[in-house]
Amino acid sequence: MLGVFSPCNALLLPAFFANIATSRARLLILGSVFLAGLLATLVPLGLGLGWLGGAFTIDRGVLLGGAGWVLVALGLFTAFGGGIDFSRLVPGRPRPVAGSLAGTFALGAVSGVAGFCTGPVLGAILTLALSSASPARGGTLFGLYGVGMVLPIMFIALLVRKLGHRSVSWMRGRRFRVGRLRLHTTSLAMGAVTVLVGWILIFTNGMAAVPELLPSTLIAAFENLGRQVDAAVPSWAWTALVGALLLIWWLRAAVRRTNGTGGADALRDPSAGRSDHDEGVPEIR
């Protein structure tokens, strides 16, 4: 998600989708096609790297330790404003036609590996997929990377359509100086997250030594409570509850639509909503 707010991207993709989408439905369609293009590039890459990591005849601890130090180095590189442009390895850079589904798919396929600022983040995920030593896990990691890009892009595009471009200007972060260094808040956040993941890999043997977030006794208590609730409440009651909530939501939406239509009609026709008793009342101008 941090890659969307990188200084190089500067929220360009959300602004692009907000400008070419003619409606929310169209924005949803374009976002889905963009995600499909991302996954078409990223998931096979993750599957291949996961398989390659599993094919290495190397000790798991050494592999995870090396991956952790690579992540730490990439995180520091990112924090101080460094970048890598993997898109140079891709032959040609398709330029999508505004509103074109084929162009949006091509944009997603290239965006997965393009971007100078997001290059180190992609390198970090490449390293994680390689150290996972599992094709399924590697593909899942890259799939989550794609989803993490698309969800904030679509959310910000909706905000831009509703409130304008200035409403999201604060998300761009800001530059500042520390002595002779010129840093950016988003780059520092991206670097810090990458360094943290690398540190966890090194000192927990790939999350294997991470202590439980909740004590086992508390987890068992929650499980017992769930069993008791499930035994006390019949199964049809949950279905009825979901149906009632959906009905309430539908009724509220219908009332809002009705009120909105009535208000618009009243604006168009000053006589709308006036009763017969109001015929003799002079209109106030």
Side-chain angles (χ1 to χ4, degrees), residues 1-9 38-39 41-90 110-153 173 178 181-213:
M1 293 178 67
L2 286 172
V4 178
F5 305 96
S6 61
C8 295
N9 285 338
L38 276 174
L39 298 182
T41 301
L42 294 176
V43 173
L45 185 61
L47 292 172
L49 284 170
W51 172 84
L52 186 62
F56 281 160
T57 56
I58 187 172
D59 181 76
R60 171 179 161 81
V62 174
L63 179 62
L64 290 173
W69 285 114
V70 169
L71 291 180
V72 170
L74 287 172
L76 295 175
F77 185 59
T78 304
F80 289 100
I84 305 170
D85 190 1
F86 286 99
S87 63
R88 294 181 179 180
L89 305 176
V90 180
V110 174
S111 297
V113 295
F116 178 77
C117 293
T118 55
V121 176
L122 179 61
I125 299 176
L126 287 168
T127 307
L128 287 173
L130 186 66
S131 63
S132 68
S134 166
R137 187 169 179 80
T140 302
L141 286 174
F142 272 90
L144 291 174
Y145 173 59
V147 172
M149 285 184 63
V150 173
L151 288 182
I153 286 174
V178 178
L181 296 175
R182 298 181 63 183
L183 305 176
H184 193 280
T185 52
T186 308
S187 295
L188 282 177
M190 293 167 62
V193 170
T194 308
V195 169
L196 178 62
V197 173
W199 180 86
I200 291 175
L201 274 182
I202 295 169
F203 292 99
T204 64
N205 191 26
M207 302 291 289
V210 174
E212 293 180 346
L213 295 178

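Worth saying up front: this structure is predicted, and the values here are computed from it rather than measured.
In this structure, the separation between CG on L71 and CH2 on W199 is 14.0 Å, given to the nearest 0.5 Å. Between L45 atom CG and L39 atom CG the span is 12.5 Å, to the nearest 0.5 Å. Separation of atoms CZ (F142) and CG (L38) is listed at 11.5 Å; rounding is to 0.5 Å. In this structure, L47 CG and S134 OG are separated by 9.0 Å, a value rounded to the nearest 0.5 Å.
Taking 4.5 Å as the limit, every side-chain heavy atom of L144 sits out of range of all side-chain heavy atoms of I125.
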Kindly indicate, with the supporting measurements, whether the criterion side chain to side chain contact (heavy atoms under 4.5 Å, CB included) is fulfilled by L130 and L126.
CA-CA 6 Å; L130 186 66; L126 287 168; over 6 Å; no
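Listed by chain and number, the residues in a side chain to side chain contact (heavy atoms under 4.5 Å, CB included) with L76 are V72, V195 (sequence neighbours excluded).
Here the shortest heavy-atom pairing between G138 and A129 reads CA-CB, 4.0 Å. Contact between V147 and P152 at its shortest, heavy atoms only, is O-CD, 4.3 Å. Considering all non-hydrogen atoms of both residues, T140 and A136 come closest at OG1-O, 2.7 Å.
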